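Some notes on the structure that comes next.
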Amino acid sequence: MAEKFLQAERYEMERPHLRAVAYRMLGSLTEADDALQEAWLRASTTDIADVRNIGGWLTTIVSRVCLNLLRARQARREEGIDGAPVAQAGPGAIDPAAEAEMADEVGVALLVVMEALGPAERLAFVLHDLFAVSFDDIAVMLDKTPAAARQLASRARRRVRGAEPPTGSEPQGRKRQAVDAFLAATRAGDFEALVALLHPDVVLTADPAVIPTPEPVVVLGAHIVAKGAMAAIERAATTGVALLDGEFGLVMADGRGLRLVLRFAVKGESGLITEVEVIADRDALAGIDVTAP
């Protein structure tokens with residue numbers, strides 16, 4: 001009985017780390033907590049007398065559970081089912097603020113890019129690059145050689161980083177500043193700051209997948225565009241800066257992956273935003289190369 005108590009106590013000590021691993025593997029706090037619960041059920045029925053590294057052992061269990069969930073998710077997609085199920089609100093449901101905080105900590109763009117990785121690639125990249133787990137340990141989880149695990153992580157790393165953007169150029173620097181400021185003002189609900197970032201004749205277009213209409217919506221003027229951004233404060237919590245075909249923009253994601261992107265045009269030295277394009281059409285999103293800045 002005392003051994004089980006110590007086992008549970010050690011699990012609780014490791015839980016923040018295990019949750020961080022599971023979230024980065026799965027991209028959803030709901031699924032991450034489900035994975036932790038299943039991992040605990042497995043761990044609690046195992047004799048740990050011969051386990052020397054409890055933290056590493058628990059990380060292995062959680063990672064294997066996440067790997068199985070990722071493989072099941074991939075199988076659903078291959079069968080044509082749209083992504084992972086959306087969690088319903090109710091007792092024990094994840095606080096949206098907690099989900100947003102975790103997404104912001106990890107980086108929404110990184111989560112979006114990792115959705116394109118295969119289960120084995122994602123596990124190798126997350127465990128090695130984000131948590132410094134050795135390739136020897138990763139190889140055991142994947143039933144592969146350490147060299148194969150290293151290759152998986154390297155391939156994932158190239159896909160996550162993509163091509164190096166010309167971030168040192170002055171136009172790119174101004175666009176990055178404008179995009180960062182637009183996101184910060186939207187999250188803060190700062191209407192005046194938003195208006196100050198927008199050119200008086202700014203044009204916003206949104207495809208029919210954003211706003212259900214027969215034709216794309218076109219909005220003109222700084223005040224009207226700013227009001228629209230204010231209405232998206234909740235959405236801004238799970239939005240982050242990304243590179244869209246090598247240009248700075250914003251991506252919004254949820255437990256089902258990428259939901260929409262915002263492209264921006266910025267005017268010369270003023271740095272004012274002259275155009276905003278909001279895209280949510282699935283085919284259009286699939287054609288955009290998203291990388292983490």
Side-chain angles (χ1 to χ4, degrees), residues 3-77 84 102-103 105-162 255 257 291-292:
E3 181 180 331
K4 289 298 180 184
F5 174 78
L6 291 174
Q7 192 167 338
E9 187 177 45
R10 185 57 192 270
Y11 174 83
E12 286 303 315
M13 289 176 59
E14 297 288 341
R15 196 174 188 282
H17 166 75
L18 299 174
R19 197 183 198 215
V21 170
Y23 179 74
R24 285 155 179 79
M25 286 279 289
L26 299 170
S28 161
L29 272 185
T30 302
E31 289 190 81
D33 285 346
D34 287 345
L36 260 61
Q37 184 175 8
E38 182 176 341
W40 168 243
L41 291 175
R42 295 185 185 187
S44 63
T45 57
T46 303
D47 184 358
I48 62 170
D50 296 326
V51 177
R52 295 183 178 181
N53 182 352
I54 296 293
W57 176 70
L58 288 170
T59 298
T60 296
I61 295 175
V62 169
S63 298
R64 284 175 169 162
V65 170
C66 290
L67 182 63
N68 289 337
L69 290 172
L70 287 172
R71 285 170 172 165
R73 184 190 295 177
Q74 184 180 55
R76 289 197 301 271
R77 287 174 179 167
M102 184 70 87
E105 177 184 329
V106 177
V108 177
L110 179 59
L111 292 175
V112 168
V113 175
M114 287 199 298
E115 284 297 314
L117 303 179
E121 287 179 330
R122 188 159 179 167
L123 182 142
F125 173 76
V126 168
L127 291 184
H128 181 266
D129 284 41
L130 304 186
F131 292 98
V133 177
S134 73
F135 286 120
D136 288 342
D137 291 338
I138 294 172
V140 173
M141 299 178 202
L142 294 173
D143 194 23
K144 295 181 180 293
T145 65
R150 184 185 299 273
Q151 187 175 25
L152 285 167
S154 177
R155 189 164 63 209
R157 195 178 304 119
R158 288 195 300 270
R159 295 180 71 181
V160 166
R161 292 178 179 175
T291 53

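Quick note: numbers below take in every heavy atom, side chains included, and nothing from hydrogens, waters or symmetry partners. Quick caveat, the model's predicted, so the values are computed rather than measured.
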Original post:
Is any side-chain heavy atom of Glu31 less than 4.5 Å from a side-chain heavy atom of Arg73?
Top reply: yes

Original post:
So Leu67 and Leu142, side-chain contact (heavy atoms from CB on, under 4.5 Å) or not? Walk me through it.
Top reply: CA-CA 9 Å; Leu67 182 63; Leu142 294 173; 3.8 Å; yes

**OP:** List for me each residue that meets salt bridge (charged side-chain N to carboxylate O under 4.0 Å, His left out) alongside Asp129, sequence neighbours excluded, and say none if there are none.
**Re:** Arg157

Original post:
Judged by atom type as modelled, is there a donor-acceptor pair below 3.5 Å linking the side chain of Arg122 to the main-chain atoms of Leu117?
Top reply: no

Subject >> Interatomic distance, Leu130 atom CG to Met25 atom CE [nearest 0.5 angstrom] >> reply: 10.5 Å

Subject >> Shortest non-hydrogen contact between Ala153 and Ala124, atoms and distance >> reply: N-CB, 3.8 Å

**OP:** Name all pairs fulfilling the ring-ring contact (aromatic ring centres under 6.0 Å, His included) condition that reach into residues 107-128, sequence neighbours left out, sorted by first residue then second.
**Re:** His128-Phe135

**OP:** May I ask you to decide whether Arg158 forms a salt bridge with Glu121, counting only side-chain N to carboxylate O separations under 4.0 Å?
**Re:** no

Original post:
Is the side chain of Ser44 donor-acceptor paired with the backbone N or O of Trp40 at a distance under 3.5 Å, no angle test?
Top reply: yes

Subject >> Note, Leu123 side chain near Leu70 side chain (heavy atom, < 4.5 Å) >> reply: no

Original post:
Can you name the closest pair of heavy atoms from Ala292 and Ala109 and give their distance?
Top reply: CA-CB, 4.0 Å

Original post:
Does the side chain of Asp136 reach to within under 4.5 Å of the side chain of Val140, using non-hydrogen atoms?
Top reply: no

**OP:** Decide yes or no on side-chain contact (heavy atoms from CB on, under 4.5 Å) for Ile61 and Glu38, but give the supporting numbers first.
**Re:** CA-CA 9 Å; Ile61 295 175; Glu38 182 176 341; over 6 Å; no

Subject >> Shortest non-hydrogen contact between Ser63 and Val21, atoms and distance >> reply: OG-CG1, 4.1 Å

**OP:** Dump the intermediate steps for side-chain contact (heavy atoms from CB on, under 4.5 Å) on Val62 and Arg19, then the final yes or no.
**Re:** CA-CA 9 Å; Val62 169; Arg19 197 183 198 215; over 6 Å; no

Original post:
Any side-chain heavy atom of Tyr11 sitting closer than 4.5 Å to one from Ile54?
Top reply: no

**OP:** State whether the number of non-hydrogen atoms from other residues, nucleotides or ligands found under 6.0 Å of Arg15 atom CZ is greater than 12.
**Re:** yes

Original post:
Which atom names give the shortest non-hydrogen contact between Ala43 and Leu58, and what distance separates them?
Top reply: CB-CD2, 3.9 Å

Subject >> Test item: Leu152 and Lys144 side chains (from C-beta on) under 4.5 Å apart, heavy atoms >> reply: yes

Original post:
Rounded to the nearest 0.5 Å, how far does CG of Asn53 lie from CG of Asp137?
Top reply: 8.5 Å

Original post:
Does any non-hydrogen side-chain atom of Leu111 lie less than 4.5 Å from one of Glu115?
Top reply: no

**OP:** For residues Gly118 and Gln74, report the shortest heavy-atom separation together with the two atoms involved.
**Re:** CA-NE2, 4.3 Å

Original post:
Between Ala139 and Thr145, which heavy-atom pair has the shortest distance, and what is it?
Top reply: CB-C, 3.6 Å

Subject >> Stepwise side-chain contact (heavy atoms from CB on, under 4.5 Å) check, Tyr23 with Asp33 >> reply: CA-CA 8 Å; Tyr23 179 74; Asp33 285 346; over 6 Å; no

Subject >> Separation of Leu69 CG from Arg64 CZ (nearest 0.5 Å) >> reply: 14.5 Å

Original post:
What's the spacing between Asp34 CG and Leu26 CG if we round to 0.5 Å?
Top reply: 9.5 Å

**OP:** Evaluate the side-chain proximity of His17 to Phe131: yes if any heavy-atom separation is below 4.5 Å, no if none is.
**Re:** yes

